[in-house]
Amino acid sequence: MHTPQMEVKCSVSNCKYNKENLCHAKNLQVNAMGDGYAKTSDGTACSTFVSEINNNKTF
């Protein structure tokens, strides 16, 4: 199995890029939610997420 160059851990079980709790997306995009300024990780969202259940982006 291909290992990502930068190890990005993922605990989202239904993300199509999650394989053995590592993100295998070619690119990763994380955005701030709301006004574009995040104070903590709770203010961010992974825009790369694609559900393996329905194959639609949710962000």
Side-chain angles (χ1 to χ4, degrees):
M1 178 182 297
H2 168 70
T3 302
Q5 294 217 340
M6 178 173 59
E7 185 175 293
V8 177
K9 294 182 180 184
C10 179
S11 62
V12 181
S13 62
N14 68 309
C15 182
K16 98 178 214 181
Y17 300 114
N18 182 355
K19 293 178 178 58
E20 298 180 9
N21 292 322
L22 292 175
C23 180
H24 284 259
K26 183 176 179 180
N27 298 300
L28 182 67
Q29 183 171 341
V30 178
N31 294 314
M33 297 187 307
D35 62 1
Y37 181 83
K39 293 182 181 177
T40 68
S41 61
D42 288 338
T44 64
C46 178
S47 296
T48 306
F49 171 79
V50 175
S51 175
E52 79 174 352
I53 295 170
N54 61 17
N55 210 19
N56 293 325
K57 285 191 174 187
T58 59
F59 294 104

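We number each residue from 1, following the sequence as shown. Because only heavy atoms are used, hydrogens play no part in the values below, and waters and symmetry mates are left out as well, while side chains stay in.
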Enquirer: Mind checking the CE-SG spacing from Met6 to Cys23? Nearest 0.5 Å is all I need.
Expert: 9.0 Å
Enquirer: Give, for atom CD of Glu52 and atom OG of Ser13, the distance between the pair rounded to the nearest 0.5 Å.
Expert: 8.0 Å
Enquirer: Which pairs would a plain distance check flag for residues 32-43, meaning a side-chain donor or acceptor within less than 3.5 Å of a matching protein atom at least two apart in sequence or in another chain?
Expert:
| from | atom 1 | to | atom 2 | distance (Å) |
| --- | --- | --- | --- | --- |
| Asp35 | OD1 | Tyr37 | N | 3.0 |
| Thr40 | OG1 | Asp42 | N | 3.2 |

Enquirer: Not counting sequence neighbours, which residues clear side-chain contact (heavy atoms from CB on, under 4.5 Å) with Val30? List them please.
Expert: Leu28, Thr44
Enquirer: Side chains of Gln29 and Asn31: any donor to acceptor distance under 3.5 Å?
Expert: yes
Enquirer: To the closest 0.5 Å, what do you measure between NZ (Lys9) and CD (Glu20)?
Expert: 13.5 Å
Enquirer: Side chains of Val8 and Tyr17, heavy atoms from C-beta outward: is any pair under 4.5 Å?
Expert: no
Enquirer: Which residues pass the side-chain contact (heavy atoms from CB on, under 4.5 Å) test with Asn21, not counting sequence neighbours?
Expert: Asn18
